[in-house]
J.: 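Can you read through this structure? Questions will come right after.
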Amino acid sequence: MQQPILNPQPVKKFALFELGFRPFFLLASLFSIIATSIWMANYTFGWILPVSTITPFAWHGHEMVFGYSLAIIAGFLLTAVRNWTGVQTIQNLPLLLLSSTWLLARILPLLDSPVLFVWAAFLDTLFLVGLTLAVLYPIIKVKQWRQLLIIALLVLLTIANVFYYLGVFRIVNQGVSWGLFSGVYLIMALIFTLARRVMPFFIERGVGYQVQLKLPLDFMVVSDHSEYLGVLVRMFDPNDPLSKHPMAEQVVGSGNDIEASTKAFYGLVSQTIQADGSTKPDPSLNTPELKRTIWDEYVKITDDFNEPGKFTTLVGYEWSSQPNMSNQHRNVIFRSSENLPVPFSYFDSQKAEDLWAWMDKQRNEGLELLAIPHNGNLSNGTMFATTDSDGKPISRAYAETRMRNERLTEIIQTKGQSETHPLMSPNDEFAGFEIWTKPVAGPGAVKVVETNYVRNAFRNGLAIKQKIGINPFKYGVVGGADIHTSIVSHEEYQHTGEHNLKSGTPHQRLLEQLPNEPSKIEQGTAGLSNVWAEENTREAIWDAMHRKETWATSGSRITVRVFAGFEFGDMTPANTDWVKLGYEKGVPMGGDLPSAIDGLAPSLMIAALKGPNSGNLDRIQVIKGWVDVDGNTHDKIYDVVWSGERRIDIDGKLPAVGNSVNIADASYTNTIGSSELQTVWTDPDFDPSVAAFYYLRVIEIPTPRWSTYDAKSLGIDPPKDFPATIQERAWSSPIWYTP
């Protein structure tokens, strides 16, 4: 039985004075008709204007500038500033008084009385002062100091209006001309200012907006949730039977009410996923026939956009297991689109072991596929747990099955990074990057557990292998998006939100946080997955993913390459054939080093290139992890190459690269850092009897975070509880050494 989603709100019988544009747009429209009629009667038929105090031309000019135009601007500003700042502007009685003041200032001059004309001048000036104060209050309250230009223009318009009346009363010579001409130019300046600062917000909010990356992507997979895959979209088609579903009435019937649609969606989720993690799917939305039809449509769309060699679309979906609110999600990626089965969903099982068994079955029938865990940081310790789903210690069979099906793991995405945490790595100065603290839904805080994080999984995997002979966490790494808009919003300077239309504008992201919603300020831009593939085709990209020759970035287009080996000689990345030798004499990222050669430690040939439209590089680090003979795990971070003339200090730390960010302007300069870094590093602490892994972390110089770009566009300070700058980065897949 469905529960009601929305509480009916009483409909106000008279809402004219609820929003500023309503009375002013109405009065301006009526006044334009009346004033135009009066002017035509005067100009065409010689009808004498009933205003003896001023000339008809002066009256006409004043009413065009300070009457009609200012009414339109007043209505626009009183509505725009409300949405702009999140602070309610004047309404009801104050709005009635302000609009009445404007109206009386229009009527009194037409009564042809010198005394009433003085009152009209007073009320006209009072209106402008009142409008200025009404706009100023919310701007001051949220400290949008950049918007004081609008206040300055309103003050100057008030002064120009005063000069006009001083000229009418013959107190200031040329006052009428000065006032009118100044008013025209000030109105133009105000319109240009509003168009530059306010209009984009209304366009985006009202009619949507186009998004285009500065650089195209080479490949992409849209991995929608397998649970209720595509059914909500079908509800919007009146010819589809699903449009008659009770949920459709709440989702579609809400029209443009995003809040109502969102509540309806979460209502469906709450009815489906029980508190203990079990599920009760709606039978009518989960039939085999419906799933087959929608999945086939999904695959066809993916095929339609596949352009081998130019833009590759991979077929995949997301298995969204969430037992006891612990994230267990996996993205399942197929090598081809031929003869694909209906996706295995959370409704089929919430256990990863059952997903892997289903994948093994598909593999036995000739399909090739892999699963990628994501958001381990939100798993409450379950993603990289050292036990299986039943709480039993990991067995060899479990480890083999996991590694057969899960070759990669996600290390970064919009809901934070899963590499490590300051509590796990207190000596890692870069561990506090893009930390997620709030649950995806509901109150409380995320549990910070060792087995949430990839670096700990790498370490624990070595220890488990020491016991059972196989490493269950021998992953390569990729980046992810998890942005539920089908937009890869990975650019800090062009962030477009994460979840539905409620985060699609700077105002919504920074100033509209509703209860039980995902934290908007903590959400980052999308991460990116990168592969070293022979060609841009599904098969080549999937094969690179399968062999783990992958790296992840936090969103920038950093290029990373590394080879490890014992016999590189004098070869460095400066040589033109270093990649060829890397494959011949060593192994790439994701590979396994051969047994050590007596007396030699492994060397890593390392190169990184900054991405276009991104900051220069600060440094490259090697993160090494190992397990000792007692089964204890360790890690160490080495700064191996960096920009500038810095030196490692006495405490073993590399000084910071500096910071060129202008926070107020959301800008930076690439006057620090390097566009390219490369080196050959040899492990100074190598023990050939100890199993280890090595992965790279490439750090950029500080640049503005998306929230700082948004704050600039809104004219406010960046949120104080979150860093205003970000040091984008890349992570390579590890290279493993086994004695």
J.: Can you confirm if the aromatic rings of F347 and Y228 lie within a centre distance of less than 6.0 Å?
T.: yes
J.: Check whether NZ of the Lys or CZ of the Arg R407 lies under 6.0 Å from the centre of the six-membered ring of Y475 and within 45 degrees of that ring's axis.
T.: no
J.: Taking the inter-plane angle between the rings of W736 and F693 on a 0 to 90° scale, is it parallel (under 30°), tilted (30 to 60°) or perpendicular (over 60°)?
T.: tilted
J.: Ignoring hydrogens and angles, tell me if any N or O in the side chain of W295 forms a donor-acceptor pair with the backbone of P341 under 3.5 Å.
T.: yes
J.: Taking Q350's backbone N and O only, do any of them form a donor-acceptor pair with S321's side chain (distance below 3.5 Å, no angle check)?
T.: yes
J.: Will you find, in the side chains of N405 and R363, an N or O donor that is under 3.5 Å from an N or O acceptor?
T.: yes
J.: Using distance alone, with no hydrogens and no angle criterion, decide if T414 and E498 have a side-chain donor and acceptor under 3.5 Å apart.
T.: no
J.: Let me confirm one number: the CZ-CG distance from R234 to L290, rounded to the nearest 0.5 Å.
T.: 6.0 Å
J.: Regarding E406 and W356, do their side chains bring together a donor and an acceptor under 3.5 Å, going by distance alone?
T.: yes
J.: Looking at every non-hydrogen atom in both residues, tell me the closest pair between S425 and A431 and how far apart they are.
T.: O-CB, 3.9 Å
J.: Within 45 degrees of the ring normal and closer than 6.0 Å to the centroid, is that where the cationic atom of K624 sits relative to W626?
T.: yes
J.: Any luck finding a side-chain donor-acceptor pair between E307 and N536 under 3.5 Å?
T.: no
J.: If only side-chain N and O atoms count, and only distance matters, is there a donor-acceptor pair under 3.5 Å linking S337 with D303?
T.: yes
J.: Using modelled atom types and a 3.5 Å cut-off, is there a donor and acceptor pairing between side-chain atoms of R729 and backbone atoms of F430?
T.: yes
J.: With a sphere of 6.0 Å drawn around NZ of K244, does it hold more than 12 non-hydrogen atoms of other residues, nucleotides or ligands?
T.: yes
J.: Could you give the distance from CG (L217) to OG1 (T312), rounded to the nearest 0.5 Å?
T.: 11.5 Å
J.: Can Q413 and H374 be said to form a side chain to side chain donor-acceptor pair (under 3.5 Å), step by step?
T.: CA-CA 8 Å; Q413 63 127 273; H374 85 75; 3.1 Å; yes
J.: How far apart are the closest heavy atoms of T525 and S489, and which atoms are they?
T.: CB-O, 3.3 Å
J.: Do R561 and W532 meet the cation-pi criteria used here (NZ or CZ under 6.0 Å from the six-membered ring centre, within 45° of the axis)?
T.: yes
J.: Can S345 and S226 be counted as having a side-chain donor-acceptor contact under 3.5 angstrom?
T.: no
J.: When you compare the side chains of W542 and E368, does any donor N or O come within less than 3.5 Å of an acceptor on the partner?
T.: no
J.: Hey, are S733 and E549 close enough side-chain-wise for a donor-acceptor pair under 3.5 Å?
T.: no
J.: Can you name the residues that form a salt bridge (charged side-chain N to carboxylate O under 4.0 Å, His left out) with E584, not counting sequence neighbours?
T.: none
J.: Using a strict cut-off of less than 4.0 Å between a Lys/Arg side-chain nitrogen and an Asp/Glu carboxylate oxygen, indicate whether E353 and K351 qualify as a salt bridge.
T.: no
J.: Taking the inter-plane angle between the rings of H225 and H329 on a 0 to 90° scale, is it parallel (under 30°), tilted (30 to 60°) or perpendicular (over 60°)?
T.: perpendicular
J.: On the 0 to 90° scale, with breaks at 30° and 60°, tag the F384-F473 ring pair as parallel, tilted or perpendicular.
T.: perpendicular
J.: Would you tell me whether E728 and S554 have side-chain atoms, one donor and one acceptor, within less than 3.5 Å of each other?
T.: yes
J.: Is it true that F563 and Y583 have ring centroids separated by less than 6.0 Å?
T.: yes
